[in-house]
There are 4 protein chains.
Amino acid sequence: MARPKSEDKQKAILNAAIQEIAEHGVSAPTARIAKIAGVGEGSLFTYFSNKDELLNQLYLYIKEELRESMMSDYPKTESVQNRIRHAWNTYVKWGVANPQKRIVLAKLGMSNKVSEQTKTQGSEAFADIFNMISESTANGLLRNYPTSFLSAIMGSLADTTMNFIAGNPAQTEYFNNAGFEAFWSAIVNA
Amino acid sequence: MARPKSEDKQKAILNAAIQEIAEHGVSAPTARIAKIAGVGEGSLFTYFSNKDELLNQLYLYIKEELRESMMSDYPKTESVQNRIRHAWNTYVKWGVANPQKRIVLAKLGMSNKVSEQTKTQGSEAFADIFNMISESTANGLLRNYPTSFLSAIMGSLADTTMNFIAGNPAQTEYFNNAGFEAFWSAIVNA
Amino acid sequence: MARPKSEDKQKAILNAAIQEIAEHGVSAPTARIAKIAGVGEGSLFTYFSNKDELLNQLYLYIKEELRESMMSDYPKTESVQNRIRHAWNTYVKWGVANPQKRIVLAKLGMSNKVSEQTKTQGSEAFADIFNMISESTANGLLRNYPTSFLSAIMGSLADTTMNFIAGNPAQTEYFNNAGFEAFWSAIVNA
Amino acid sequence: MARPKSEDKQKAILNAAIQEIAEHGVSAPTARIAKIAGVGEGSLFTYFSNKDELLNQLYLYIKEELRESMMSDYPKTESVQNRIRHAWNTYVKWGVANPQKRIVLAKLGMSNKVSEQTKTQGSEAFADIFNMISESTANGLLRNYPTSFLSAIMGSLADTTMNFIAGNPAQTEYFNNAGFEAFWSAIVNA
DNA sequence: TATGAATGAGGATTCATTCAT
DNA sequence: CATGAATGAATCCTCATTCAT
């Protein structure tokens, strides 16, 4: 019986980690994360066996949230361009709405604490988008680049776009459109 | 803090820092950096007043090296497209030839140890390119986006390109061309 | 703290403690002991108010088991030499058969967690042997040393003997005899 | 140049460790050891890479001191019995004079932190005594037991003797003689 | 100026014990 | 009564920085 491991507390720790890591980097002390999460220093380790584990779980946690954001109302039946646009829009929207999570994802991605396996696992969530791009390459709509390259282009241009929106929130619409325009031109078969 | 006699030692420290930070991140101990540089761990602090200072100097050191690589044979008199292509090529070439420096630049860029001022100062070295893009926007060759946005697009697509080359050295030529093609399509006025 | 229903669980904990302490020392975590015992980590504290209490009880538990081993078929009516030989044999036999318990007894004996009172209490179980030696000293069979000294000599030589048997199980018989021979010569009145 | 690693400080740490471990066991905190040694908490780790290393070095340090005590005026040319008596006397004398070191040696010997290799190395210092016993066995003076068994008997009886002296300092002479008498009877060929 | 020993604040992690369930 | 989640004090160790040499 005993007290069951609370999912709330686990999430509180993950969210506290987001806050702290966004602000102070991957080296943010576990003690501070615990404090912000409102749990004891030791409790963090009942939910994550060690800091690395926390970092890896955090990476997947954010990726999963992003996936949900992008996939919840994914228009499977629409045209490819519309679907790509939808992916772009939802990604940018999420990034703008969750600047800390975006930063943390980037910091974790750079860190050698997050394993390749975790990164791979994180990417798998986006298989739908990957497949869509893959098909569009096959049918000649997009340039004949490796799908992973096209995906990476999307990621990097969307990130750049988000950075500019973050710096100029008033021009969210403008940069979102400009970014997509550039992106689309970059990948579409001429 | 007067400029110390040995400029060699200063560079040895910077280069050691590149090695260590590339491999172990910004948290690489100063003691290890000093050891690899072949100087005493205290000596590091006669060349850099503290670790943050070292990190900021390192950022500028690498940026400067990159600038030299890109600008040494910059074809001032050629067409804009050729100059942009030259910038792209030299950037990618440098990045491929100096994977550690590229990683370090990225890690330092993410870190909150490198000040905004330093980052700004690092960008100033690329004023020529910035200006060229600026002019090309004005004369209608490029899309009418803020120059900083166009520059950022270049940076992010070039980085993406380098990542793929790093993963597939045999296809250096292919990805360099594909990346540039995408980039050029992204920015050129339709 | 009222005597809990399950005496089995109490013993399970004591036996688990033997295992863990033999292998990892007195600092073996209560959580691990509980786990091996198959009880919740909190339950351990319903059987023993704290770790020190567990350690002290464990000391007595093993001593008591040893006493039973040595006394169950104690030949009260035989000659002194035979009785001493019987004590020696049963002690060595027990130690060889229960190497972990022997180690734990030694580790607990060294530890400052086990109180003097507990140690005294543990010795009282061997009053019969003590008395026998005492009488034998009085009637001139044994050297005129304090009984406690003679007892200690027996303990240390038996321990040494067991160590050698542990290292050379094939020569159990040999070392048992050699050890007793040395012991008897050491204490008998010349 | 810099400050040279002070041998004094190293010894201060070892001696502080003796004090603390004698009193509080192998789990004595490094911080407290450092404090008693009069050095910073961190300094301990410039002399010993970690606590285990400290423990192993401490074991050898004490063994070496014991060896010096026993060997400094070892009467190589005297009769075997005299030499054995000398070894016994100097051992007991050392143990009585250094009760803490004796306890620490015992505690370290029990601990799984001290490696077998260290223990072996610690024994090698007593090769002279070992050889003497070996020869005496060969020429029939001592019982025909393995030398290591005879050595162990000496160690255990001497330890027992020291324990009694520690408990009754006024009877040092008595127990020393009684102990040796028992020991000699135990090992000499009848 | 160069060195690396010295330092203590800081950080990850463990663990006996408590207490909600 | 049984459980194991919750806790924070305690512990080992690291590291930027200082300073004696």
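These numbers were taken from a predicted model, which means no experiment stands behind them. Letters A, B, ... are given to chains in the order of the sequence lines, protein chains preceding strands, and every chain is numbered from 1.
Look at E65(D) and K101(D) and you find a salt bridge, because one of the NZ, NE, NH1 or NH2 atoms lies within 4.0 Å of a carboxylate O, short of that distance.
Rounding to the nearest 0.5 Å places CD of Q10(B) at 9.5 Å from CG of L54(B). The OG1 atom of T30(C) sits 4.0 Å away from the CZ atom of F45(C) when rounded to the nearest 0.5 Å. Rounded to the nearest 0.5 Å, atoms CG (N98(B)) and CG (L105(B)) are 10.5 Å apart.
The phosphate of dA2(F) has OP1 or OP2 within less than 4.0 Å of a side-chain N or O from K9(C). Considering only side-chain N and O atoms, S43(C) lies under 4.0 angstrom from the phosphate OP1 or OP2 of dT3(F). Using a 4.0 Å cut-off, no side-chain N or O of Y47(B) falls inside it from OP1 or OP2 of dT1(E). The shortest distance between the side-chain N/O atoms of T30(C) and the OP1/OP2 oxygens of dC15(E) is not below 4.0 Å.
The nearest whole Å value for the distance from the CZ atom in F48(A) to the P atom in dA6(F) is 12 Å. Put simply, NZ on K51(D) is 16 Å from P on dT14(E), counting in whole angstrom units. One can place CD1 of I13(B) at 13 Å from C1' of dT1(E), the figure rounded to the nearest angstrom. The NZ-C1' distance, from K35(C) to dT14(E), rounds to 15 Å in whole Å. Between R32(C) atom CZ and dG4(F) atom P the separation is 17 Å, expressed in whole Å. When the P atom of dA16(F) is taken as reference, atom CD1 of I33(B) falls 8 Å away, rounded to whole Å. We find that CG of L54(C) is positioned 14 Å from C1' of dT17(E), with the value rounded to whole Å. Atom CG of D8(C) is separated from atom P of dA2(F) by 12 Å (rounded to the nearest Å).
Between G38(B) and S27(A), the one whose closest nucleotide on DNA chain E sits nearer the 5' end is G38(B). Mapped onto DNA chain F by nearest heavy atom, G40(C) and G42(B) fall at different nucleotides, with G40(C) at the one closer to the 5' end. Toward the 5' end of DNA chain F, the nearer of the two residues K5(A) and V26(D), judged by each one's closest nucleotide, is K5(A). Mapped onto DNA chain E by nearest heavy atom, L44(B) and A31(A) fall at different nucleotides, with L44(B) at the one closer to the 5' end.
No option in N112(A), L55(A), V114(A), V104(A) other than L55(A) meets the side-chain contact (heavy atoms from CB on, under 4.5 Å) test with V26(A).
When distances are taken from the side chain of E41(D) to each of dT13(E), dG10(E), dT3(E), the shortest belongs to dG10(E). Candidate nucleotides dA6(E), dT17(F), dC12(F) were compared by shortest atom distance to the side chain of N50(B), and dT17(F) ranks first. Out of dA16(F), dA20(F), dT11(F), the shortest distance to the side chain of P29(D) is found at dT11(F). Residue S6(D) places its side chain closer to dA6(E) than to any other of dT17(E), dA5(F), dA6(E).
At most 12 heavy atoms of other shown residues, nucleotides or ligands fall within 6.0 angstrom of atom NZ in K35(A).
dT21(E) is paired with dA2(F) under the Watson-Crick or G-U wobble criterion, all donor-acceptor distances under 3.5 Å.
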